[in-house]
K.L.:
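I have a structure I would like to understand better, so I am pasting it below and will then ask my questions one at a time.
Order of listing sets the numbers, starting from 1, for every ligand and every atom in it.
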Amino acid sequence: QTKRMYIDNENDASEALAAASVLLREGETVAFPTETVYGLGADATKKEAVSKIFKAKGRPEDNPLIAHVATKKQLKNLVTSLPVVAEKLIDAFTPGPLTLVLPSNGTCAENVTAGLSTIGVRIPDHPVARGLLKKCDLPLAAPSANISGKPSPTTADHVWSDLEGRIAGLVDGGATGVGVESTVIDCTQEIPVILRPGGITKEQLEGEIGQVMIDPALAGTASQPKAPGMKYTHYAPDVPMWLVDGSAEAIQSVIDTERKGGKRVGVMASTETAAKLHADRTIPLGSDLREIAASLYDALRVFKHEDVDLILCETFDLEGIGQAVMNRLEKAATEFVAN
Ligand code: TXA
Ligand code: MG
């Protein structure tokens with residue numbers, strides 16, 4: 001069974017971290033909080049340890065994992081070289097919610113990188129993650145600690161409900177902060193490319209290194225209607241979710257139509273919009289994009305079949321962390337309703 005280790009205060013931290021560290025050094029999997037979401041960690045240098053991550057999550061083995069380290073020096077031990085832009089980004093934004101894709105030197109097990117010649121590396125900024133990395137003194141491969149396809153976990157309870165009995169340990173350090181995952185930036189290209197928008201915004205990156213590209217696979221999906229019934233792939237809530245563009249009035253009219261059709265409708269929206277809506281269940285996400293990012297995944301997990309048949313979510317500005325919020329919502333949504 002899964003050993004749950006609590007961190008309640010400064011004094012208790014060392015005990016929990018020591019216990020977690022023992023499990024990790026034995027080649028077991030341990031979930032722990034980072035500043036973005038909970039990660040499911042294992043010794044990145046041991047293939048058998050890493051394969052336990054894929055098994056516990058039900059994760060496709062061709063999806064590479066991020067290697068987490070405590071310091072820039074340890075990061076350098078995993079790559080063949082550090083381009084100037086990467087060094088600038090590390091100095092400016094780490095520890096923090098940024099993952100750099102760099103040429104791997106093969107120190108990590110081959111299943112961490114899914115056989116690629118590059119590796120995603122990240123120096124997290126959370127006292128528990130940092131304490132654990134220091135204590136176990138290993139690079140930790142760590143994807144988000146959820147069952148593949150579900151919303152990433154922002155609390156220890158989310159991890160527990162997905163992975164209890166499937167992993168060796170869980171360090172319970174309370175809720176995470178940023179709420180969406182790290183920004184992934186490919187630094188092996190002439191002009192760095194954002195592969196996944198996240199906690200560090202494009203604006204922040206450009207302020208430091210100038211031009212940054214966005215992976216074409218990410219651009220413009222918000223305006224493209226999704227095929228109805230499109231298969232759930234990522235961040236999927238238990239109930240279908242529609243992304244609804246437009247004013248509070250426009251969203252209310254969709255709510256009214258669906259309720260007349262016999263559906264129980266749940267709504268996720270900014271606090272301001274939520275106050276204007278009447279549905280079977282309403283979850284206010286917060287009053288600015290940072291708050292919305294922080295509460296997003298918990299909201300996606302709250303709605304259940306027992307309570308609602310359909311979730312409606314409003315759309316948000318693409319500025320700042322809004323880019324990451326909309327990217328996750330587009331993946332979670334089954335349909336896009338334009339007004
Ligand atoms: O905030 C985060 O990044 C969290 C916490 C736990 O650190 N981790 C996380 O890991 O979100 P995961 O596995 O859920 O997402 C890793 C992303 C995937 O989209 C993966 O495809 C990409 O990073 N990735 C990893 N290594 C890569 C590589 N060598 N080249 C391109 N993409 C890579
Ligand atoms: Mg994930």
Side-chain angles (χ1 to χ4, degrees), residues 29-42 44 50 53-54 56-70 78-80 86 93-106 108-126 128-130 132-133 139-154 156 158-159 162-163 170-171 173 176-189 192-200 215 217-218 233-236 293-294 296-297 300 321 324 327-328 331-332:
T29 52
V30 175
F32 60 94
T34 80
E35 76 278 25
T36 57
V37 301
Y38 271 76
L40 178 59
V50 172
I53 293 177
F54 286 94
K57 279 180 61 85
R59 179 173 174 116
E61 288 183 18
D62 59 358
N63 193 1
L65 308 178
I66 296 169
H68 295 65
V69 291
L78 306 181
V79 301
T80 57
F93 300 115
T94 71
L98 184 69
T99 294
L100 301 109
V101 172
L102 293 165
S104 169
N105 71 4
C108 287
E110 67 202 13
N111 50 353
V112 173
T113 59
L116 297 173
S117 62
T118 56
I119 183 162
V121 284
R122 150 159 152 77
I123 304 174
D125 182 23
H126 186 290
V128 174
R130 299 189 62 70
L132 186 58
L133 285 164
L140 294 179
S144 49
N146 51 285
I147 291 284
S148 237
K150 297 240 277 172
S152 298
T154 51
H158 295 164
V159 178
D162 275 13
L163 298 177
L170 163 61
V171 183
T176 61
V178 179
V180 291
E181 299 88 339
S182 63
T183 302
V184 179
I185 185 163
D186 183 354
C187 295
T188 66
Q189 310 294 316
V193 183
I194 296 175
L195 301 179
R196 178 178 71 182
I200 301 289
D215 185 348
L218 296 173
T233 41
H234 282 292
Y235 310 107
L296 184 67
Y297 291 148
L300 287 174
I321 202 161
N327 169 263
R328 307 308 190 269
K331 293 190 174 193

K.L.:
With a cut-off of 4.0 Å, which atoms of ligand 1 are near a heavy atom of T36?
P.N.:
1 (O), 2 (C), 4 (C), 5 (C)
K.L.:
Identify which of D62, I53, I66, L102 has a heavy atom lying nearest to atom 16 (C) of ligand 1.
P.N.:
I66
K.L.:
Tell me the protein heavy atom at minimum distance from atom 29 (N) of ligand 1, and give that distance in Å.
P.N.:
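Here the closest protein heavy atom is T118 OG1, 3.1 Å.
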K.L.:
What I'd like to find out is whether the side chain of E35 reaches to under 4.5 Å of the side chain of P124, using heavy atoms alone.
P.N.:
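Yes. Closest side-chain heavy atoms under 4.5 Å.
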K.L.:
Do me a favour and list the nearest non-hydrogen protein atom to atom 6 (C) of ligand 1 with residue, atom name and distance?
P.N.:
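Result for atom 6 (C) of ligand 1: G39 CA, 3.4 Å.
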K.L.:
For ligand 1, does N63 get within less than 4.0 Å through its side chain, its backbone, both, or neither, judged by non-hydrogen atoms?
P.N.:
side chain
K.L.:
Which residue supplies the protein heavy atom nearest to atom 3 (O) of ligand 1, what is that atom called, and how far is it?
P.N.:
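Of every protein heavy atom, S182 OG, 2.5 Å lies nearest to atom 3 (O) of ligand 1.
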K.L.:
For G106, does its backbone N or O pair with a side-chain atom of S104 as donor and acceptor, under 3.5 Å?
P.N.:
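Flag set: sc S104 to bb G106 pair under 3.5 Å.
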K.L.:
Please report which non-hydrogen protein atom sits nearest to atom 31 (C) of ligand 1, along with the residue it belongs to and the distance in Å to one decimal place.
P.N.:
L195 CD1, 3.6 Å
K.L.:
Is the closest heavy-atom distance from T113 to ligand 1 below 4.0 Å?
P.N.:
no
K.L.:
Would you check if T118 and V79 make a side-chain contact, meaning some heavy-atom pair closer than 4.5 Å?
P.N.:
no
K.L.:
Just need the protein heavy atom nearest to atom 11 (O) of ligand 1, so name the residue and atom and give the distance.
P.N.:
R196 NH1, 3.0 Å
K.L.:
Who's the nearest protein heavy-atom neighbour of atom 23 (O) of ligand 1, and how far?
P.N.:
V184 CG2, 3.8 Å
K.L.:
Is a side-chain donor or acceptor of R130 paired with a backbone partner of A70 at a separation under 3.5 angstrom?
P.N.:
yes
K.L.:
Which residue from P124, S152, G120, P64 reaches closest to atom 33 (C) of ligand 1 through any of its heavy atoms?
P.N.:
P64
K.L.:
Would you call R59 a ligand 1 contact, heavy-atom distance under 4.0 Å?
P.N.:
yes
K.L.:
Measure up the Y297 and Y235 rings against each other and bin them: parallel (under 30°), tilted (30 to 60°), perpendicular (over 60°).
P.N.:
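Ring orientation, 0 to 90° scale: parallel.
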K.L.:
Flag the pair R328 / P197 as yes when at least one side-chain heavy-atom distance between them is below 4.5 Å, and no otherwise.
P.N.:
yes
K.L.:
Decide, counting backbone as well as side-chain atoms, whether S144 has an N, O or S atom less than 2.8 Å from the Mg ion (ligand 2).
P.N.:
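Given the 2.8 Å cut-off, S144 counts as a ligand of the Mg ion (ligand 2).
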K.L.:
Taking atom types as modelled and ignoring hydrogens, do the side chains of R122 and T36 form a donor-acceptor contact shorter than 3.5 angstrom?
P.N.:
yes
K.L.:
Can you sort out which atoms of ligand 1 are near S144, meaning under 4.0 Å from one of its heavy atoms?
P.N.:
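That gives atoms 8 (N), 9 (C), 10 (O), 12 (P), 14 (O) of ligand 1.
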K.L.:
Below 4.0 angstrom from a heavy atom of E181, which ligand 1 atoms are there? Numbered from 1 as shown, please.
P.N.:
1 (O), 2 (C), 11 (O)
K.L.:
Would you say R59's side chain and P64's backbone share a donor-acceptor pair under 3.5 angstrom?
P.N.:
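Yes: the side chain of R59 pairs with the backbone of P64.
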K.L.:
If you measure from NZ on K57 to CD1 on I147, what distance do you get to the nearest 0.5 Å?
P.N.:
8.0 Å
K.L.:
Around atom 7 (O) of ligand 1, find the nearest protein heavy atom and jot down its residue, atom name and distance.
P.N.:
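Looking only at protein heavy atoms, the one closest to atom 7 (O) of ligand 1 is H68 NE2, 2.6 Å.
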K.L.:
Whether the E181 and S152 side chains hold a donor-acceptor pair (N or O, under 3.5 Å, no angle test) is what I'd like checked.
P.N.:
yes
K.L.:
Verify the distance criterion only: is there a donor paired with an acceptor across the side chains of R196 and T99 at less than 3.5 Å?
P.N.:
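Checked: R196/T99 side chains show no N/O donor-acceptor pair below 3.5 Å.
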K.L.:
Closer than 4.0 Å to some heavy atom of A142 - which atoms of ligand 1 meet that?
P.N.:
6 (C), 8 (N), 10 (O)
